[in-house]
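Working notes for the structure below.
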4 protein chains.
Amino acid sequence: MQRRMPPSPGRLGRPRSAAADEAILDATRAALVDLGWSKLTLGDVATRAGVAKTTLYRRWAGKNELVVDAVAVLFDELELPDKGSLAADIEGVVLQFAAILDRPETKTALMAVVAESTRDEPLRERIRTSIVDRQKRLVLEGRARAELRGELPASSDPHTAAATADLIFDVAAGAVVHRTLVSAEPVDAEWVRRFTALLLGGLAAASH
Amino acid sequence: MQRRMPPSPGRLGRPRSAAADEAILDATRAALVDLGWSKLTLGDVATRAGVAKTTLYRRWAGKNELVVDAVAVLFDELELPDKGSLAADIEGVVLQFAAILDRPETKTALMAVVAESTRDEPLRERIRTSIVDRQKRLVLEGRARAELRGELPASSDPHTAAATADLIFDVAAGAVVHRTLVSAEPVDAEWVRRFTALLLGGLAAASH
Amino acid sequence: MQRRMPPSPGRLGRPRSAAADEAILDATRAALVDLGWSKLTLGDVATRAGVAKTTLYRRWAGKNELVVDAVAVLFDELELPDKGSLAADIEGVVLQFAAILDRPETKTALMAVVAESTRDEPLRERIRTSIVDRQKRLVLEGRARAELRGELPASSDPHTAAATADLIFDVAAGAVVHRTLVSAEPVDAEWVRRFTALLLGGLAAASH
Amino acid sequence: MQRRMPPSPGRLGRPRSAAADEAILDATRAALVDLGWSKLTLGDVATRAGVAKTTLYRRWAGKNELVVDAVAVLFDELELPDKGSLAADIEGVVLQFAAILDRPETKTALMAVVAESTRDEPLRERIRTSIVDRQKRLVLEGRARAELRGELPASSDPHTAAATADLIFDVAAGAVVHRTLVSAEPVDAEWVRRFTALLLGGLAAASH
DNA sequence: ATATAATCGAGACGGTACGTCAAGTCTTCTT
DNA sequence: AAGAAGACTTGACGTACCGTCTCGATTATAT
């Protein structure tokens with residue numbers, strides 16, 4: 001969780017309050033729920049957190065960075081449950097992802113920071129390390145587990161394997177995001193079943 | 001293309017300048033390219049368009065509505081080319097979509113308005129009618145053409161057919177958007193080939 | 001009552017509505033009562049009068065000129081009643097003047113246009129001819145009547161006589177205005193009696 | 001000198017810049033000279049003062065309050081010079097008052113705020129305490145000094161004395177204001193001499 | 001214990017953009 | 001030509017946040 005200035009060189013002076021950090025991130029999520037991304041103001045977050053605006057700016061460079069950090073922790077709960085089959089595993093994790101994305105904090109904030117990141121490379125990097133890579137890891141774990149189970153052949157060419165993982169990731173994450181935010185339809189069990197069937201069928205066909 | 005006040009009931013008074021409309025939308029796209037979504041200001045757009053701020057506010061309710069209209073026309077060029085096979089058709093249209101999405105105006109603005117739309121139902125509706133439905137139509141046309149060619153069986157259950165079209169749409173649009181904006185990787189011929197193979201393979205497998 | 005353009009050169013086309021004039025001046029007075037000088041807008045006046053803004057601007061150059069005309073007619077009712085003695089005459093006219101000045105239309109507007117006129121010579125001229133000279137005439141009439149009655153000696157030096165009339169006018173009008181607007185105290189019979197005594201005493205003393 | 005928010009209760013936070021106050025009032029007077037009351041804008045004043053508009057609004061509620069404060073200090077120089085006789089004292093102070101009123105800052109602003117004050121009681125109170133009472137004090141001092149000199153009998157009934165002082169004040173201030181602003185004639189030595197003769201003659205006659 | 005130094009809450013600061021309002025002009029159709 | 005209607009340009013309004021700064025007051029380590 002990157003900060004503006006690593007506060008560390010010598011350690012003279014009063015140390016930064018650890019409690020303030022959590023209070024600020026909590027306040028940020030609460031403000032996102034109440035106000036949405038565009039009406040959230042750092043002054044309001046500071047007030048909610050019981051903290052001065054300077055304290056906030058000492059730790060984060062701006063709204064984007066703060067919100068990324070506030071939302072990132074929500075993705076920590078994502079994990080790949082072992083449900084016995086690749087299809088069931090995928091359905092489980094897609095449902096988890098959809099559940100996180102359906103929260104008001106996430107829904108309003110995630111696409112906003114992604115939009116900002118198209119003109120702010122450091123922000124994109126922060127999003128990648130804090131949020132995206134955490135999801136991508138699940139794809140790799142899922143593949144590895146499926147290979148162990150014998151549901152998928154061991155990956156031969158590592159280049160092809162990586163490209164396939166990227167593709168699966170863009171397809172899965174993209175589909176869930178698009179259905180949730182653009183189509184504004186629920187990602188329910190029925191939809192997930194159909195999506196998983198499509199994905200696995202496509203993978204099987206593509207591996208010939 | 002909805003406006004703030006349908007200007008028309010009787011036709012008393014001076015009519016609204018039609019030229020101003022185009023000037024404003026052009027200026028909006030130019031400002032998006034130069035400044036990006038978050039730094040675009042309506043005052044600046046008005047200045048670029050050679051128009052007073054009030055003229056702008058008379059026609060659009062705010063930044064969101066204006067940007068949706070400005071970006072929407074870019075999607076008008078999307079069409080389903082007949083390249084002889086379903087796979088080729090899909091690849092063609094996906095590449096077209098990716099090309100539009102890769103433009104600076106679109107890249108910076110589209111996700112931003114989608115993010116806003118999570119808290120603004122009329123805005124979501126406007127996005128849907130101005131942009132999304134225009135793309136969705138292509139999915140339906142592609143299916144119809146493929147059935148004519150005999151590449152796909154005639155759709156039996158209309159409910160299932162509709163759900164499948166929705167799924168394909170979310171998968172295709174979502175994957176392209178995610179790869180472009182989140183992964184920030186190019187949607188090139190190679191990627192489109194792999195994606196199309198996955199999609200068609202999945203469809204074939206799912207239809208058993 | 002000067003207008004912007006004497007509408008007269010040839011008399012082609014539709015003639016100006018005479019009714020509009022009265023409607024506009026009435027609306028102006030009503031708006032002054034409701035809103036005061038600074039919040040009065042010409043658009044609102046036009047609406048109240050049931051008239052288009054263009055009609056209003058065709059006849060008056062702006063807010064100042066319009067208000068002067070609207071208020072001026074109120075001073076038409078000023079007249080010098082013959083109450084038998086100079087003192088009684090003065091008391092009567094001062095009370096009349098104070099009554100007009102105490103109306104909400106007048107109170108809020110008169111000093112405002114005078115303030116404007118310090119930087120607008122044509123406006124000052126319009127105020128003088130429309131309002132001030134109408135009052136000054138009363139001073140001259142009063143003096144003439146008093147000389148006829150033998151209460152004052154016939155004016156010898158015309159220069160001195162004119163200067164004295166000016167002085168009396170500034171003193172009387174100024175005192176009433178100041179008491180009404182600045183001191184915000186009522187100009188009642190008691191005050192008028194004391195003021196008149198002061199004025200006449202001073203005149204008598206000064207004529208030795 | 002009242003402000004919008006008495007900034008004082010605790011002394012937390014950064015204190016208000018004292019230099020800004022003077023800069024703003026100076027800029028206000030300069031803008032009055034250049035533009036006059038009605039064309040003066042707070043944005044322009046802020047720019048002239050090298051200050052942000054918000055700083056200005058933090059301290060004054062609006063144009064009226066600001067201008068009253070800016071003009072009020074000019075009246076601080078008013079004082080009652082001891083010239084040996086009541087007549088000479090009055091002439092001196094009337095000339096001083098006329099000189100202040102003849103300044104472009106004062107001429108354009110004073111009647112304007114008085115006009116506004118007819119619909120704004122707090123503004124009238126501010127004018128009274130900041131400007132008017134400062135002048136009225138001179139009348140009382142003048143009377144006291146004249147009684148000491150034996151030029152006037154000691155005031156017997158305090159009620160009558162107060163009423164007389166008020167009357168003198170309205171007459172003197174009103175006459176000077178009216179001659180300066182309405183008649184637009186100079187308050188020169190000759191006029192002051194005649195006015196003083198009238199006033200003192202009237203007072204003497206009224207005291208019998 | 002006593003500097004030294006970075007933190008803290010509070011709030012003023014110079015800016016920028018907001019969205020609205022009124023002024024005064026212009027363009028259309030109607031009278 | 002005048003009229004009503006209403007769009008037009010211009011420019012000021014007063015507010016909201018931005019991100020920085022200046023205070024006095026804590027709260028640590030380093031002398």
Side-chain angles (χ1 to χ4, degrees), chain A residues 5 7-17 19-20 39-47 49-63, chain B residues 5 7 9-17 20 39-44 46-47 50-59 61-63, chain C residues 7 9-17 20 38-47 49-63, chain D residues 5 7 10-17 20 39-44 46-47 49-59 61-63:
Chain A
M5 282 170 147
S8 42
R11 59 183 48 71
L12 287 183
R14 177 172 174 175
R16 290 190 180 164
S17 156
K39 298 195 176 160
L40 175 150
T41 72
L42 295 200
D44 178 60
V45 168
T47 303
V51 144
K53 245 195 319 176
T54 38
T55 299
L56 209 155
Y57 277 105
R58 201 174 289 120
R59 305 180 187 208
W60 285 277
K63 188 165 155 173
Chain B
M5 282 167 142
R11 61 183 44 67
L12 289 178
R14 176 175 175 176
R16 290 193 180 166
S17 157
K39 298 196 176 158
L40 176 150
T41 72
L42 295 199
D44 178 61
T47 303
V51 144
K53 231 185 345 166
T54 41
T55 297
L56 210 154
Y57 278 105
R58 198 176 293 117
R59 303 179 187 210
K63 189 165 152 172
Chain C
R11 58 183 48 72
L12 289 182
R14 177 171 171 176
R16 288 193 182 166
S17 156
S38 60
K39 297 195 178 161
L40 175 150
T41 72
L42 294 199
D44 178 59
V45 169
T47 304
V51 144
K53 249 196 311 177
T54 36
T55 299
L56 208 155
Y57 277 105
R58 202 174 287 119
R59 302 179 188 208
W60 285 276
K63 189 164 152 173
Chain D
M5 282 167 141
R11 61 185 41 69
L12 290 178
R14 177 175 174 173
R16 290 192 180 166
S17 157
K39 297 195 177 161
L40 176 151
T41 72
L42 296 199
D44 177 60
T47 303
V51 143
K53 226 183 352 164
T54 42
T55 297
L56 209 153
Y57 278 105
R58 199 175 291 118
R59 302 178 187 210
K63 189 164 153 173

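Below, chains carry the letters A, B, ... as their sequence lines are ordered, and counting in each starts from 1.
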What nucleotide among dA4(F), dG3(F), dA12(E) has an atom nearest to a side-chain atom of Ser17(C)?
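The answer is dG3(F).
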
Let's see if you can work this out: which of dA4(F), dA7(F), dC8(E) has an atom nearest to the side-chain heavy atoms of Arg58(A)?
dC8(E)

Closer than 4.0 Å, any side-chain N/O of Arg16(A) to the OP1 or OP2 of dA5(E)?
no

Inter-residue atom distance [X].[atom1] - [Y].[atom2], 0.5 Å rounding:
{"X": "Leu56(D)", "Y": "Lys63(D)", "atom1": "CG", "atom2": "NZ", "value": "12.5 Å"}
{"X": "Trp60(A)", "Y": "Leu42(A)", "atom1": "CH2", "atom2": "CG", "value": "10.5 Å"}
{"X": "Lys53(D)", "Y": "Thr41(D)", "atom1": "NZ", "atom2": "OG1", "value": "8.5 Å"}
{"X": "Arg58(D)", "Y": "Thr55(D)", "atom1": "CZ", "atom2": "OG1", "value": "5.0 Å"}

Quick one: [X] [atom1] to [N] [atom2], roughly how many Å, whole number?
{"X": "Leu12(A)", "N": "dT29(F)", "atom1": "CG", "atom2": "P", "answer": "10 Å"}
{"X": "Arg14(A)", "N": "dT7(E)", "atom1": "CZ", "atom2": "C1'", "answer": "5 Å"}
{"X": "Leu56(B)", "N": "dT10(F)", "atom1": "CG", "atom2": "C1'", "answer": "15 Å"}
{"X": "Arg59(B)", "N": "dT20(E)", "atom1": "CZ", "atom2": "P", "answer": "16 Å"}

Looking for any heavy atom pair under 4.0 Å, which part of the strands does Thr55(A) touch: base, sugar-phosphate only, or nothing?
sugar-phosphate

Report, one pair per line, the protein and nucleotides 21-23 of chain E atoms (nitrogen or oxygen only) whose separation is under 3.5 Å.
residue, atom, partner, partner atom, Å
dA23(E), OP2, Leu42(C), N, 3.0

Start at the 5' end of DNA chain F and walk down; is the nucleotide closest to Gly13(D) or to Val51(B) reached first?
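Final value for this comparison: Val51(B).
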
Could you pick out which residue, Ala52(D) or Gly50(A), lies toward the 5' side of DNA chain E when each is mapped onto its nearest nucleotide?
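Taking each residue's closest nucleotide, the earlier one in sequence belongs to Gly50(A).
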
Of all heavy-atom pairs between Ala20(B) and Ser17(B), which one has the smallest distance, and what is that distance?
N-OG, 3.0 Å

